[in-house]
Amino acid sequence: MGNTNKQILVVDDNLQNLQMTTRILQDQGYKVNLALDGPTALEQLEFYLPDLILLDIMMPEMDGLEVCRILKKKPALKEIPVIFLTAKAQSEDLKDGFNAGGVDYISKPFRKEELLVRVKNHIELADSRNRIFELHQTRAKLYSIISHDLRSPFAAITQVINAIHEGYLDTDSPEFLDIFSDLEKTTQATSALLENLLNWSSFQSGSLPFSPKMIDLVKLISECIQLLERSATNKKINFNLDLPNSIQCYCDEVSMHTVLRNLISNAIKFTREGGTISIHVSGHEQTTKIMIEDTGLGIEEDVIEKIFTKNEHYTSKGTSEEMGTGLGLHLVKEFIEKNKGKIQVESKKDVGTKFTILLPDNP
Amino acid sequence: MKKKILVVDDKAAHRKLMKIYLSKNFNVATSENGLVALRMLHEGLRPDIIVTDLLMPEVDGTAFLDQIKSSYFYQHIPVMVLSSVETSTEKIRLLRAGAEDYLHKPFNPEELEVRIEKILQRTA
């Protein structure tokens with residue numbers, strides 16, 4: 001029925017009306033809460049947030065308009081759509097209702113169909129508004145973090161260049177070599193971030209060419225390893241590869257390259273010197289399984305839940321102070337889903353992390 | 001005797017450069033985030049001034065500043081923020097929260113030193 005998780009508060013001083021309205025709504029699968037007067041309704045709203053409120057205007061003590069004005073002043077409640085139930089459908093009253101913050105009205109006696117259509121429309125409208133708002137929040141947060149993550153390395157590079165210029169830093173000194181190697185890491189991390197950022201924004205705008213075809217996953221993985229070999233060698237990390245000669249899989253090459261590159265570079269980042277990264281690929285009935293496992297820092301349980309969710313921005317440093325933006329795993333998840341695959345993560349703190357990707361062999 | 005500065009920043013290059021800039025006239029201690037810096041304070045380090053970055057893992061600059069300014073033992077230590085974040089709202093927020101000064105990265109090392117000296121004179 002689709003309405004089962006939607007909750008509606010009905011406020012009416014007439015018990016019979018209340019029962020009738022409740023039955024109509026419950027038949028459609030809505031959860032219904034009731035209040036016989038305004039103060040009771042406001043009290044209930046301290047404890048839960050319904051998706052919509054049906055509010056009778058004519059009530060003794062506190063009328064519906066007053067109730068609506070009060071709840072529109074409360075930040076937690078003001079986004080909940082209010083539909084007035086009114087016996088008097090004169091234009092003056094309607095104006096009062098809309099002024100008080102109502103989104104719509106239904107004149108009594110109402111027809112069942114009318115009630116249901118208006119309720120459904122306004123719940124849907126509020127849902128999409130909330131989704132847009134959340135999306136906007138996520139974006140704003142992400143942009144602010146990305147702008148820092150881009151600005152900060154450039155500031156560091158400029159600072160070092162200036163220090164050389166101004167004679168603070170002798171390019172023959174051991175300090176310089178030390179600082180130089182720090183900067184090299186910063187530069188690598190920043191260029192990886194840029195790569196991800198450009199990928200992500202073209203994915204968001206829909207301009208990323210997505211052309212799935214049969215490709216050899218083993219070849220793709222080998223390419224990614226080659227690309228990252230230097231940073232692994234720097235940390236004396238070994239690759240333990242268990243790959244067939246070739247394995248054909250139906251997916252988009254560019255986005256899967258991004259996925260594998262991010263997961264392998266994460267594994268390098270979070271594995272201590274001398275550690276091991278195992279990559280295992282195997283074909284199963286209709287699916288290909290890719291496992292990337294490291295002997296690294298591991299991820300704490302409460303963080304595992306956060307790393308793939310959009311509203312959380314989680315980032316942490318690697319074992320050699322490598323920087324991260326949290327954008328990588330975000331991309332990984334979106335791209336795997338776009339390729340109709342699945343990703344799982346298992347991790348134990350100080351033991352390691354294992355990412356498992358399942359990709360369908362056929363479109 | 002040289003005055004003591006505690007530099008808090010997550011970038012190793014920055015910490016090393018700060019030592020090069022400031023060691024001539026100051027004793028420079030460094031730490032990679034607010035948490036490590038707080039630990040150093042608890043263990044008895046008493047800097048005359050703290051210069052901190054903002055966005056760092058574990059305990060960031062804002063939380064670190066709050067901790068310092070709400071602590072009976074440390075609130076007298078002047079804190080200067082040194083960050084690549086350059087919005088006015090951020091600066092206003094941090095100055096309100098008790099930061100003594102704000103300098104934007106990349107910075108001129110002479111300006112940094114002069115500002116530090118001014119703060120030390122003012123808060124002496």
Side-chain angles (χ1 to χ4, degrees), chain A residues 140-141 143-171 173-190 193 269-270 297 299-300 303 313-326, chain B residues 7-26 28 30-37 51-63 81-91 93-94 102-116:
Chain A
K141 203 169 143 197
Y143 286 158
S144 103
I145 291 165
I146 289 170
S147 75
H148 167 266
D149 286 351
L150 284 177
R151 195 178 282 141
S152 156
F154 279 107
I157 292 165
T158 312
Q159 195 71 53
V160 173
I161 292 173
N162 291 347
I164 297 169
H165 251 301
E166 290 154 4
Y168 285 97
L169 198 53
D170 180 357
T171 48
S173 66
E175 286 98 340
F176 174 75
L177 287 179
D178 199 16
I179 290 176
F180 190 76
S181 105
D182 292 333
L183 272 197
E184 204 180 0
K185 278 180 212 153
T186 309
T187 315
Q188 276 166 10
T190 313
L193 162 64
K269 186 169 140 187
F270 292 109
L297 303 178
I299 313 169
E300 300 216 37
V303 176
H313 182 92
Y314 184 77
T315 176
S316 59
K317 284 215 157 175
T319 54
S320 317
E321 291 211 354
E322 298 100 322
M323 305 205 302
T325 53
Chain B
V7 172
V8 191
D9 198 296
D10 59 335
K11 279 167 291 309
H14 178 84
R15 295 196 298 272
K16 289 166 192 164
L17 215 48
M18 288 289 273
K19 278 201 165 171
I20 293 174
Y21 287 145
L22 299 168
S23 289
K24 200 174 146 214
N25 298 321
F26 299 95
V28 184
T30 62
S31 76
E32 66 263 34
N33 63 49
L35 189 66
V36 178
V51 181
T52 181
D53 185 23
L54 284 184
L55 277 120
M56 299 177 285
E58 307 273 2
V59 172
D60 68 9
T62 302
V81 176
L82 185 57
S83 160
S84 57
V85 179
E86 58 177 340
T87 61
S88 299
T89 35
E90 269 297 281
K91 288 183 202 170
R93 186 179 65 78
L94 289 154
Y102 189 110
L103 192 58
H104 178 241
K105 278 183 194 168
F107 56 91
N108 179 323
E110 255 182 270
E111 182 181 351
L112 172 72
E113 198 158 344
V114 171
R115 282 181 187 263
I116 288 173

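We use all heavy atoms of the structure for the numbers below, so side chains are in, but hydrogens, waters and symmetry mates are not. Lettering follows sequence order; numbering is per chain, from 1.
Between chain A and the residues B:Ile20, B:Leu55, B:Asn108, the most heavy-atom pairs under 4.5 angstrom are made by B:Leu55. Ranked by non-hydrogen atom pairs under 4.5 Å with chain A, the options B:Leu54, B:Thr87, B:Leu17 are led by B:Leu17.
Here CG of A:Asp178 is found 3.5 Å from NZ of B:Lys16. Values are rounded to the nearest 0.5 Å. In this structure, B:Leu82 CG and A:Gln159 CD are separated by 7.5 Å, a value rounded to the nearest 0.5 Å. A distance of 7.5 Å separates OG of A:Ser152 from CG of B:Asp9, quoted to the nearest 0.5 Å. Here the straight-line distance linking atom CD of B:Glu110 with atom CD of A:Glu166 works out to 8.0 Å at 0.5 Å rounding. To the nearest 0.5 Å, atoms OG1 (A:Thr158) and CZ (B:Phe107) are separated by 11.5 Å. Taking NE2 of B:His14 as the reference point, atom CG of A:Leu183 lies at 12.5 Å (rounded to 0.5 Å).
Annotation: B:Tyr102, atom OH; neighbour count of heavy atoms from other residues, nucleotides and ligands within 6.0 Å is above 12.
Minimum heavy-atom separation, B:Ala13 to A:Asp182: N-OD2, 3.5 Å.
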